[in-house]
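What follows is a set of notes on a single structure, which appears directly below.
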Amino acid sequence: MHTFAQRPKRAPQTVSAAPATTQRTIGNRALQRTREADAEAADSATPRVARFAPDFSGIPAVAPDRATGNAAGDGGSGVRPVVRRQRHQLSAAIRRVDPVAAHDSVGRVETVRFSALPAIHVPARFDAIGTTLTYDPSINPIRPPATPAKFGQTDTWIEVNKSSGRPENGKFLVELVVENLITFWVAGSVAGATRANIASAGDANITQANYPTVVSDLTPSPRPVHTGSLDLMKNQPPRSHFWAEDLTIKHERFHANENEKFGREGALAGRDWLDTQTAQNLDQVEALVGRVAPLVAQRIAVGMAPPGVEQRAYDDGAADYAARAAAIKAKGDANGYGQHP
């Protein structure tokens with residue numbers, strides 16, 4: 001199973017300082033301002049290097065060796081931070097008021113260099129995320145283990161490993177692919193004891209001598225039973241010596257169908273959650289996408305929590321077990337399994 005590595009989300013930045021008032025003296029003639037603004041950041045800006053898991057692909061990454069500027073030593077890592085220096089030289093003309101009204105001096109012409117102003121931190125920009133969801137469940141039977149301890153088992157794996165993202169119009173558009181890989185197996189040999197399969201009332205394993213035991217093994221329990229070695233839920237057949245493979249498969253497929261339903265609910269919840277998030281770059285988007293699979297798995301775990309999950313499956317199959325047991329009893333009571341000339 002491949003999942004994204006999770007990285008903590010950085011909180012949005014806020015404006016840290018406002019410009020201070022500057023004390024200065026201005027001459028009485030046309031003053032020509034020649035202020036040079038250096039937009040060099042106090043902190044070294046790190047390069048936007050998008051690191052993706054193998055399956056969050058399709059977005060070109062900026063290679064570290066394209067870093068520019070006079071960066072500090074890389075400490076042997078081979079990666080240098082990017083420092084971009086930008087200088088914009090501008091000129092402007094400000095209308096001068098009457099010198100008398102302004103209490104200005106007369107006859108003075110000079111250029112005055114203003115005091116340096118404190119830098120203003122621009123808050124980091126976080127863009128919203130828009131998500132398109134694809135939910136792809138699959139249900140597949142597999143071989144049981146060599147020594148099964150139960151009649152059947154359903155398992156699931158949630159994978160979010162084919163998703164992609166791209167920036168567009170102030171958003172990160174994410175194609176979210178959630179795969180729910182569901183498998184199940186059934187077995188008649190449980191805890192070292194092999195049960196004979198009863199496929200129908202006409203099964204060759206039924207005889208006139210054993211049909212009462214077959215009926216008892218396939219009859220759903222009308223109430224929970226916890227006596228000695230017998231531990232049954234309501235509507236659970238005992239299956240001490242005989243079992244019905246097809247009805248056991250139906251039982252596990254009921255689990256698989258519920259798993260698929262709860263997985264779909266989890267995928268939709270993951271998509272809706274993702275749409276409420278913001279990110280600065282695709283690296284952060286990838287980390288957010290990596291948190292969707294646990295959300296889906298959690299929804300499945302809650303929806304399929306015991307004992308309710310088993311009780312629903314036994315309730316669903318009770319009518320089929322009861323009908324098969326009744327058909328066998330009717331045939332046996334009529335000596336239908338006896339020897340005929």
Side-chain angles (χ1 to χ4, degrees), residues 137-156 182-262 303-341:
S138 62
I139 302 175
N140 300 292
I142 60 174
R143 293 178 63 87
T147 56
K150 59 187 75 174
F151 286 98
Q153 181 171 305
T154 300
D155 295 295
T156 186
I182 305 168
T183 62
F184 71 90
W185 55 264
V186 298
S189 298
V190 180
T194 300
R195 278 80 170 166
N197 179 38
I198 306 299
S200 67
D203 197 282
N205 288 315
I206 307 174
T207 66
Q208 194 63 34
N210 69 14
Y211 89 88
T213 303
V214 175
V215 171
S216 176
D217 270 359
L218 299 185
T219 299
S221 177
R223 65 187 63 84
V225 177
H226 306 287
T227 57
S229 60
L230 196 59
D231 190 3
L232 300 175
M233 302 179 72
K234 181 182 178 181
N235 286 328
Q236 179 179 1
R239 296 172 290 183
S240 300
H241 304 281
F242 299 92
W243 76 309
E245 182 179 18
D246 62 324
L247 299 185
T248 306
I249 291 175
K250 181 181 178 182
H251 179 98
E252 294 304 324
R253 281 195 172 274
F254 181 88
H255 288 324
N257 290 334
E258 279 205 328
N259 193 309
E260 178 183 339
K261 177 176 76 75
F262 292 128
M304 302 191 69
V309 59
E310 287 297 337
Q311 189 61 70
R312 292 192 299 272
Y314 283 126
D315 291 346
D316 177 74
D320 291 329
Y321 273 105
R324 187 163 301 179
I328 295 169
K329 184 177 185 305
K331 185 174 180 178
D333 290 348
N335 198 32
Y337 299 107
Q339 300 209 0
H340 302 283

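Start at 1 with the first residue, then count along the sequence.
Between the NZ atom of K150 and the CD atom of E252 there is a distance of 8.5 Å, given to the nearest 0.5 Å. In this structure, CG on N140 lies 7.5 Å from OG1 on T183, to the nearest 0.5 angstrom. In this structure, the separation between CG on L247 and CG on D320 is 5.5 Å, given to the nearest 0.5 Å. The CG atom of N235 lies 11.5 Å from the OG1 atom of T219; values are rounded to the nearest 0.5 Å. Interatomic distance, NE2 of H241 versus CD1 of I198, reported as 12.5 Å (0.5 Å rounding). Taken to the nearest 0.5 Å, the CG atom of D333 stands 3.5 Å off from the OH atom of Y211.
The heavy-atom pair separating A244 from Y321 by the smallest distance is O-OH, 4.1 Å. S221 approaches L232 most closely through the heavy-atom pair CB-CD1, 4.1 Å. Closest of all the heavy-atom pairs between K250 and D316 is CE-OD2, 3.7 Å. Here the closest non-hydrogen pair linking Q208 and G338 is OE1-N, 3.1 Å. Here the closest heavy-atom approach between residue V186 and residue T248 is recorded as CG1-CG2, 3.7 Å. Considering every non-hydrogen atom in both Y337 and A201, the closest pair reads OH-O, 2.5 Å.
For the pair F151/R239, a side-chain contact is recorded, criterion being any heavy-atom separation below 4.5 Å from C-beta on. Side-chain contact between F242 and I206: absent, with no pair of heavy atoms (C-beta onward) separated by less than 4.5 Å. M233 places none of its side-chain heavy atoms less than 4.5 Å from the side chain of P224. Between K261 and M304 there is no side-chain heavy-atom pair separated by less than 4.5 Å. Side chains of H255 and R312 form no contact here, defined as non-hydrogen atoms less than 4.5 Å apart. Taking 4.5 Å as the limit, some side-chain heavy atom of W243 sits within range of a side-chain heavy atom of N197. R143 is not listed as a side-chain neighbour of W185, based on a closest heavy-atom distance of 4.5 Å or more. Considering only heavy atoms from C-beta on, N257 comes within 4.5 Å of I139 through its side chain.
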Practice prompt. Evaluate the criterion salt bridge (charged side-chain N to carboxylate O under 4.0 Å, His left out) for residue pair D203 and R324; output intermediate values, then yes/no.
Written response: CA-CA 11 Å; D203 197 282; R324 187 163 301 179; over 6 Å; no
Fill in: Verdict with supporting geometry, E310 and H251, side-chain contact (heavy atoms from CB on, under 4.5 Å)
CA-CA 9 Å; E310 287 297 337; H251 179 98; 3.1 Å; yes
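The backbone N or O of K234 lies less than 3.5 Å from a partner atom in the side chain of Q311, making a donor-acceptor pair. Remark: side-chain polar atoms of N210 are paired, donor with acceptor, to backbone N or O of N205 under 3.5 angstrom.
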